[in-house]
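Here's the structure, in structure tokens; my notes come after.
The structure presented is a predicted model; accordingly, all values stated were derived computationally and were not measured. Note that the numbering runs from 1 along the sequence shown for the chain.
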Amino acid sequence: VPWFNWQNDIDSYLNLFSAVSSKPVLRNYETFTAFSKPVSSKVLEEFGLKKHCYVTMQPGAADGNPTPKRWDPASYRELAFDLLNSYPGLQVVILGSDVDLPTIGEWPAHERLINLCGRTTLYEVAGILKDAAVTLSGDSGLMHLSNAVRSPTIALLGPTNYVKNLPLNGDVYPLFSKNESFMCMTRISEQEAARKYPGFSAMTGITPYAVREKIDELLLKRFVNELE
């Protein structure tokens with residue numbers, strides 16, 4: 001079975017399944033999760049969150065290891081406080097593990113900024129994502145989990161192979177950093193790319209302003225009354 005670098009991984013696996021199946025294989029990209037509403041509500045209550053009145057962000061990536069696919073945490077921070085100042089009813093939730101904390105750095109305290117790095121289980125993160133107004137993430141596992149639970153997901157993409165990695169079941173909104181590192185991980189490894197494009201240089205093609213525009217579009221289209 002041919003395996004193409006310019007094909008989404010889902011289609012590649014479906015091609016494998018088609019090769020051994022005696023029946024036609026439907027290309028259904030819908031995701032299914034076993035997650036109950038009562039559990040989701042309990043998670044929100046535990047962390048003081050209000051349904052559809054918070055934006056989740058994941059500034060970290062790759063379990064704290066060097067990677068070129070990470071957007072500058074300073075840009076996340078600038079965007080977070082811009083949103084908090086613009087929407088009085090909005091909370092900003094920072095997600096990740098404890099190993100992300102050194103990369104994320106210190107952020108000023110704010111009553112509506114909630115840093116949950118290292119404080120949640122994967123199941124709790126799924127509940128938080130499920131009822132978020134918008135999720136902002138790089139090309140990571142959280143991007144896929146957010147999309148799986150139907151959270152509107154803004155994906156910040158640059159050096160990775162987005163053709164292979166981007167979720168296909170809708171409600172994902174990609175923004176691209178199209179500098180010289182764009183999709184370089186189709187040619188070199190993540191470790192090589194991290195050495196060639198150190199720090200956050202691979203993602204400089206995405207500005208906080210561009211992300212803010214997309215967040216505003218999604219918030220105003222869906223939840224404007226809840227954020228007043």
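No hydrogens or angles considered: a donor-acceptor pair under 3.5 Å links the side chains of Thr135 and Ser151. Asp171 and Asn147 share no side-chain donor-acceptor pair at under 3.5 Å. Checked by atom type, the side-chain pair Asn85/Tyr87 shows no donor-acceptor distance below 3.5 Å. Side-chain contact annotation: Ser140 with Ser137, donor-acceptor N/O pair under 3.5 Å present. Judged by distance alone, the side chains of Asn179 and Thr204 do bring a donor and an acceptor atom under 3.5 Å apart. Side-chain contact, Arg212 with Ser86: a donor N or O sits under 3.5 Å from an acceptor N or O.
Of all the heavy atoms in Gly205 and Ser177, the pair that sits closest is N-OG, 2.9 Å. In terms of heavy atoms, His144 sits closest to Asn165 at CE1-O, 2.7 Å. The minimum heavy-atom distance linking Pro152 with Ala132 is given by the pair CD-O, 4.1 Å. Smallest separation of non-hydrogen atoms from Lys69 and Glu190: CE-OE2, 3.8 Å. Closest heavy-atom contact between Pro73 and Ile104: CB-O, 3.8 Å. When every heavy atom of Arg119 is checked against every heavy atom of Phe47, the shortest pair comes out as O-CZ, 3.9 Å.
Residues Leu129 and Leu95 meet the side-chain proximity criterion, which asks for heavy atoms closer than 4.5 Å. Looking at heavy atoms from C-beta onward, Leu166 lies in side-chain contact with Pro174 at the 4.5 angstrom threshold. Taking the side chain as every heavy atom from C-beta outward, Leu145 and Val125 approach each other to under 4.5 Å. Here the side chains of Leu79 and Leu83 are in contact, with some heavy-atom distance below 4.5 Å. In this structure the side chain of Thr121 reaches within 4.5 angstrom of the side chain of Glu124, judged on heavy atoms. The shortest distance between side-chain heavy atoms of Leu116 and Thr56 does not fall below 4.5 Å. Residues Leu218 and Ile154 form a side-chain contact, since some pair of their non-hydrogen atoms from C-beta on lies under 4.5 Å apart. Side-chain atoms of Val134 and Thr153, non-hydrogen and from C-beta on, never get closer than 4.5 Å to each other.
The structure places CG of Asn115 at 6.0 Å from CD1 of Ile94, a figure rounded to the nearest 0.5 Å. Residue Leu16 holds its CG atom at 12.5 Å from OG of Ser21, rounded to the nearest 0.5 Å. Between Glu106 atom CD and Leu101 atom CG the span is 9.0 Å, to the nearest 0.5 Å. Atom CG of residue Leu219 and atom NE2 of residue His52 lie 11.5 Å apart, to the nearest 0.5 angstrom. Atom CG in Leu44 sits 4.5 Å away from atom OH in Tyr54 (nearest 0.5 Å).
The backbone N or O of Ser97 lies less than 3.5 Å from a partner atom in the side chain of Asp100, making a donor-acceptor pair. In terms of modelled atom types and a separation under 3.5 Å, the side chain of Arg112 and the main chain of Leu84 share a donor-acceptor contact. Checking side-chain atoms of Arg70 against main-chain N and O of Ala61 turns up a donor-acceptor pair under 3.5 Å. A donor-acceptor pair under 3.5 Å links the side-chain atoms of Thr186 to the main chain of Met183, judged by distance alone. Gln91 contributes a side-chain N or O that, together with a main-chain N or O of Gly48, makes up a donor-acceptor pair within less than 3.5 Å. Of the possible polar contacts, one joining the Ser18 side chain to the Leu14 backbone as a donor-acceptor pair under 3.5 Å is found. Proximity of a side-chain donor or acceptor of Tyr197 to a complementary backbone N or O of Thr67 within less than 3.5 Å is not detected. Side chain of Ser181 to backbone of Cys184: no donor-acceptor contact under 3.5 angstrom is found.
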>> Could you go through Lys42 and Glu45, starting from their C-alpha distance and side-chain angles, then the distance that decides it, and tell me whether this counts as salt bridge (charged side-chain N to carboxylate O under 4.0 Å, His left out)?
In response: CA-CA 5 Å; Lys42 184 178 179 181; Glu45 183 179 349; over 6 Å; no
> Going through the checks in order, is the side chain to side chain contact (heavy atoms under 4.5 Å, CB included) test met by Leu136 and Val211?
Replying inline: CA-CA 9 Å; Leu136 179 62; Val211 182; 3.7 Å; yes
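Placement of Val25 and Leu168 within a single hydrophobic cluster is found when ILVMFWY residues are connected by side-chain heavy-atom separations under 4.5 Å, directly or transitively. Note: the hydrophobic cluster containing Val93 also contains Val149 (ILVMFWY, side chain heavy atoms under 4.5 Å, direct or indirect links). In terms of hydrophobic clustering, with Ile, Leu, Val, Met, Phe, Trp and Tyr side chains grouped at heavy-atom distances under 4.5 Å, Met185 and Met203 are assigned to different clusters. Hydrophobic clustering of Ile, Leu, Val, Met, Phe, Trp and Tyr side chains at less than 4.5 Å, counting indirect connections, unites Val55 with Tyr173. Following chains of ILVMFWY side-chain contacts shorter than 4.5 Å, one can reach Leu113 starting from Met57, so the two form part of one hydrophobic cluster.
Ring-centre distance between Tyr76 and Trp71: below the 6.0 Å cut-off.
Using a cutoff of 4.0 Å between basic side-chain nitrogens and carboxylate oxygens, Asp9 and Lys164 are scored as salt-bridged.
Environment of CD in Glu192: crowded, with over 12 heavy atoms of neighbouring residues, nucleotides or ligands closer than 6.0 Å. For Asp98, the CG atom counts as densely surrounded, since its 6.0 Å shell holds more than 12 non-hydrogen atoms of other residues, nucleotides or ligands.
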